[in-house]
Amino acid sequence: MPTAVHAACPHDCPDACGVLITIEDGRATKIQGDPAHPVTRGFLCAKVAKYLDRVYSPDRVLYPMRRVAPKGTCGPGTPAQQAFERISWDQALDEITRRLRRIIAQSGPESILPYSYGGNLGALNGASMDRRFFHRLGASQLERTICSSAGEEGLKSVIGVKLGTEPEQFAHSRYIIAWGANIHGNNVHLWPFIEEARRRGAKLVVIDPYKTRTAKFADWHLPINPGTDAALALGMMHVIINDGLHDTGYVSRHTVGFDALKARVQDYPLEKVAHWTGISAADIRRLATEYATGRPSVIRVNYGIQRSERGGMAMRAVAMLPCLIGSWKEIGGGLQLSTSGAFGLNKTALEMPELMQKALGRPARVVNMVQLGHALNSLDAPPLQALFVYNSNPAAICPNHNQVIRGLRRPDLFTVVHEQFFTDTTDYADIVLPATTFFEHKDLQAAYGHYYLQVSNQAIEPLGECRSNVDLFRTLAQRMGFEDECFRETVDAMIDRVLDSPNPWLKGITRDRLEHEDHIRLDFSNDGGTAAPGRPAERSSAEVAPFLPFAEGNFPTPSGKAEFYSEALKRQGLNPVVAFTPPDESRHGAHAAAFPLELLARKSDNHLNSTFANLPSVRKLEPTLGMIEMHATDADARGIRDGDRVRAFNPRGEIVLQARVNRSVPPGVVAARLDWARFGPGSRNINVLTSEKLTDMGNAATFYSVSVEVELFRA
Ligand SMILES: Nc1nc2c(c(=O)[nH]1)N[C@H]1C(S)=C(S)[C@@H](COP(=O)(O)OP(=O)(O)OC[C@H]3O[C@@H](n4cnc5c(=O)[nH]c(N)nc54)[C@H](O)[C@@H]3O)O[C@H]1N2
Ligand SMILES: Nc1nc2c(c(=O)[nH]1)N[C@H]1C(S)=C(S)[C@@H](COP(=O)(O)OP(=O)(O)OC[C@H]3O[C@@H](n4cnc5c(=O)[nH]c(N)nc54)[C@H](O)[C@@H]3O)O[C@H]1N2
Ligand code: SF4
Ligand SMILES: [Mo]
């Protein structure tokens, strides 16, 4: 008899879908979106709809492997497996613990670096036993800021917390701005709510330098110059404030710094903003007016705008808009960057940073994940001797690829990779360990695009000798002789522990309930955790929906108000109000003469960063892999025609791609897709051109501030 098991997709995606897996004779035979999940609504994205291809792929890593060929020898055409021999788990664990012990004896535990990110966002398999293990070891800490921390800091500098409009409310919006947000590609479960709103007459505006599928389907696409969003938001606020379109009541009750903001926007007349952004003064005026008057209006801002040098300030500027027009009061108003701040899980209990005290008597040093190339090649006192990779594929996704590879090639670097597949990174691993997929283990799943918590049940037995991240690090801890009780904790006990949190919105949500109900919406009728200390939210307990966190202010900022002026930013040496400075790597930067084009090293609509890129059925959904898209003006100026082979280069590297001359990008901008390096010419990908430079806030990556030149390739 077929049975259906409820699971939750743990991939790095705001949608965190509820999934039903059909099992027959111990084998998964079907996957579908859970029709009962209010955001998943019964469908999955194209990549996870084909997940059986991934789980049962002949290319899965199923057994521990040891390298028998030099590092980096598995280029195109060489089956990765040939570089390895199969070993037992015992042999693998013995070798790992022996080498880690030797490294610790020689140069101390901080010469070991864990490297993980978004492969699995399950509460347990994302960050739990692994963190305990590396804390207890005293390994260097990884600063995990490759994705979202600039936006997070920018948002919090205004509203204090990562909360936003729930997806269901978008159906009630009249004016929707997708700002640096590729909804149709990266957040597809928001789309039906937007379509519902549009059927009722709502307008969708997309602000994105690239003509995404979202932009093609929109009512209005504004192809903004990369890295100039703060200027656009300032221009909009110039119109809103000077035309008196702001909500004076909301502003006076719930914000601080309005006078400073009012003075600041006078520095941004529309002609000046038009010059920076490439959007005409008339269009800026129209956008501002429609946004302020077409109520309720909502902004789905996503992480696209903050992958630029001053991405924190850009997010700060955009976050001011709903505070200025008071749209937080309205169902279908406000803004969403992320919903993750609502879950308030007891992560400290899972990660146990206090274990570092035991190992080192102090917190271990911190290494930024964006700067892995630098860390592997140049870090001192102590230099890195071991890299332990899981939930990540740094040889594909990390900026400044050439430096990363140079570091990974070091024969003296001991590299362990826990993976589901032989990726770009396993090409440099000494030991590869087999990892389960979410079909093969249990977990708890929060979200960053909605407010439902889910339990993800194990649907099938692990394939081959695969182990989950939790199991791997539990075993390793025991092999290292760590006797702490926490290394014996079961998965269920850990789920109980992480749910045991002071967050009022988790009150009454237990593992048992989750196992019976599959998904549970956070209980916002309980007293709001958004309130600053001493400022209890004024919601009645009978009120269950909709969630309007800032209708009555209650911003958990230092002042308890939305901050148009921030003392905290001032202390960090940043502009306490808001300001625009163009990226150094842009048409306005110092190197613009030699490298005049702005590169968007973008994600694929059907991959998830580098995940799924190796599956033929998914790969064929991506028509622009291996290509660089450019505008006819830039192509003509360089004698490039559609289909020509071209060389894209800057001081960090070069890559040969096929030119695609089309209307996807405005003049001055080129775009290419992130792919596995292995599939690229010379085993390279677009990250040879991206930089390790960090953003103004949050130490994040600047994937979208990249100056390049492109020329015809002559072999
Ligand atoms: N299909 C698919 N889904 C995914 C992912 C994936 O790789 N593929 N990745 C997942 C992950 S890790 C994340 S973080 C989210 C990210 O999802 P999004 O936040 O949507 O992130 P991006 O695709 O990086 O950027 C969104 C858009 O911003 C545009 N953009 C670039 N620079 C600028 C700029 O300066 N200003 C403006 N206004 N726009 C700009 C890009 O062209 C892009 O279309 O998606 C997740 N979902
Ligand atoms: N050029 C360019 N580079 C980018 C980006 C971009 O837009 N452009 N986006 C950046 C962003 S936003 C992000 S978030 C990062 C993402 O960088 P990563 O987090 O490294 O993301 P993925 O490429 O998805 O790689 C995750 C890996 O984890 C593995 N994995 C999945 N589940 C598990 C598990 O349970 N256990 C273990 N051990 N492994 C597992 C998968 O097989 C996969 O190889 O990339 C960044 N890099
Ligand atoms: S990747 Fe995103 S859209 Fe696709 S199934 Fe997972 S959560 Fe849903
Ligand atoms: Mo990300």
Side-chain angles (χ1 to χ4, degrees), residues 10-15 45-47 54 61 115-122 125-126 130 144 146-148 151 178-183 185-188 206-212 214-215 222-229 232 300-308 311 314 318 337 369-370 389-394 396-399 401 417-421 423-426 433-438 440-441 443 448-449 467-469 472 583 598 600-614 665 669 671-674 676 685-687 689-690 700-701 703-706:
H11 284 287
D12 187 350
C13 169
D15 298 1
C45 63
K47 52 199 179 296
R54 183 172 172 86
V61 181
Y115 198 94
S116 75
Y117 199 67
N120 189 323
L121 294 193
N125 285 287
D130 55 313
R144 290 176 172 84
I146 204 162
C147 172
S148 59
W179 200 323
N182 183 13
I183 295 167
N186 301 355
N187 175 203
V188 66
V206 171
I207 304 171
D208 191 318
Y210 186 89
K211 190 178 255 183
T212 58
T214 320
L222 294 164
I224 189 172
N225 291 333
T228 65
D229 301 277
L232 179 60
R300 177 39 160 146
V301 56
N302 216 328
Y303 289 106
I305 72 163
Q306 51 100 60
R307 304 191 205 291
S308 116
V318 174
L337 173 67
M369 71 182 300
V370 177
V389 181
Y390 57 101
N391 280 351
S392 186
N393 185 12
I397 59 86
C398 204
H401 176 85
V417 181
H418 186 220
E419 250 299 348
Q420 297 161 345
F421 288 93
T423 62
D424 286 341
T425 307
T426 63
L433 301 171
T436 46
T437 65
F438 77 96
E440 299 152 68
H441 57 240
D443 212 328
Y448 64 96
R467 291 190 186 179
S468 70
N469 297 354
L472 166 64
E598 296 171 271
L600 300 175
R602 295 179 71 256
K603 301 169 190 303
S604 291
D605 282 2
N606 297 286
H607 301 159
L608 211 138
N609 298 312
S610 78
T611 306
F612 298 96
N614 60 321
V665 283
V669 179
R673 300 284 176 171
L674 173 63
W676 278 22
N685 75 3
I686 198 65
N687 276 327
L689 302 175
T690 56
F703 289 110
Y704 297 156
S705 290
V706 180

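Counting convention: from 1, in listed order, for ligands and their atoms alike.
- At a heavy-atom cutoff of 4.0 Å, ligand 2 is contacted by both the backbone and the side chain of Thr611.
- Taking any N or O of Asp229, backbone or side chain, at least one lies under 3.5 Å from an N or O belonging to ligand 1.
- Closest to atom 13 (C) of ligand 2 among all protein heavy atoms lies Asn609 ND2, 3.6 Å.
- Counting protein heavy atoms only, atom 27 (C) of ligand 1 is closest to Asp208 OD2, 3.2 Å.
- Closest to atom 38 (N) of ligand 2 among all protein heavy atoms lies His418 O, 2.9 Å.
- Of the N or O atoms in Ala181, none lie within a sub-3.5 Å distance of an N or O in ligand 1.
- Protein heavy atom at the shortest distance from atom 35 (O) of ligand 2 is Asn120 ND2, 3.0 Å.
- If you check which protein heavy atom lies closest to atom 36 (N) of ligand 2, you get Asn469 OD1, 2.8 Å.
- Under a 4.0 angstrom heavy-atom cut-off, Lys47 registers as being in contact with ligand 1.
- Contact atoms of ligand 1 toward Arg602: 41 (C), 42 (O), 43 (C), 44 (O) (distance under 4.0 Å to a heavy atom of the residue).
- For Phe612, no heavy-atom contact with ligand 1 is shorter than 4.0 Å.
- At a heavy-atom cutoff of 4.0 Å, ligand 2 is contacted by the side chain of Arg54 but not by its backbone.
- Among the atoms of Cys147, none of the N or O lies under 3.5 angstrom from an N or O of ligand 2.
- Looking only at heavy atoms of the protein, atom 19 (O) of ligand 2 is closest to Gly118 N, 2.8 Å.
- Contacts with ligand 1 closer than 4.0 Å are made by backbone heavy atoms (N, CA, C, O) of Ser604 only, the side chain lying farther away.
- Residue Ser610 holds the heavy atom nearest to atom 23 (O) of ligand 2 of all those in Ser610, Pro434, Gly304.
- Only the side chain of Leu600 comes within 4.0 Å of ligand 1, judged by heavy-atom distances.
- In Leu608, the part holding a heavy atom less than 4.0 Å from any atom of ligand 2 is the backbone.
- At the top of the distance list for atom 9 (N) of ligand 2, counting protein heavy atoms only, stands Lys603 NZ, 2.9 Å.
- Considering both main-chain and side-chain atoms, Pro209 never comes within under 3.5 Å of ligand 1 through any nitrogen or oxygen pair.
- Both the sub-6.0 Å distance and the 45° axial angle are satisfied by Arg54 relative to the ring of Phe612.
- Listed by atom number, the atoms of ligand 2 under 4.0 Å from Tyr704 heavy atoms are 7 (O).
- Looking at ligand 2, you won't find any N or O of Tyr117 less than 3.5 Å from one of its N or O atoms.
- Each of the following atoms of ligand 1 lies closer than 4.0 Å to a heavy atom of Gly185: 1 (N), 2 (C), 3 (N).
- Residue contacts with ligand 1 for Ile224 involve side-chain atoms from C-beta outward but no N, CA, C or O (heavy atoms, distance under 4.0 Å).
- Defined by atom type and a distance below 3.5 Å, a donor-acceptor pair is missing between the side-chain atoms of Asn469 and Asn120.
- The residue among Ser392, Ala672, Pro10 with a heavy atom at the shortest distance from atom 18 (P) of ligand 2 is Ser392.
- With ligand atoms numbered from 1 in the order given, ligand 2 contributes 1 (N), 2 (C), 3 (N) to contacts under 4.0 Å with heavy atoms of Asn687.
- A side-chain N or O of Asn182 and one of Asp605 form a donor-acceptor pair less than 3.5 Å apart.
- Scanning all protein heavy atoms for the shortest distance to atom 10 (C) of ligand 2 gives Phe703 CE1, 3.6 Å.
- Residue-level proximity to ligand 1 for Asn186 is carried by backbone and side chain together, each with a heavy atom below 4.0 angstrom.
- Ranking protein heavy atoms by distance to atom 15 (C) of ligand 1, first place goes to Tyr448 OH, 4.0 Å.
- Of the protein's heavy atoms, Arg307 NH2, 3.6 Å lies nearest to atom 16 (C) of ligand 1.
- Contact annotation for Asn685 and ligand 2: no heavy atom of the residue comes within less than 4.0 Å of the ligand.
- With respect to atom 47 (N) of ligand 2, the closest heavy atom belonging to the protein is Ile397 O, 2.8 Å.
- Comparing heavy-atom distances from atom 6 (C) of ligand 2 across Ala396, Pro394, Ala601 singles out Ala601 as nearest.
- The closest non-hydrogen atom to atom 42 (O) of ligand 2, taken over Glu440, Glu419, His607, comes from Glu419.
- Of the listed options Thr423, Asn391, Asp424, Asn125, Asn391 places a heavy atom closest to atom 40 (C) of ligand 2.
- Between Phe438 and Asp443 the shortest side-chain heavy-atom distance does not fall below 4.5 Å.
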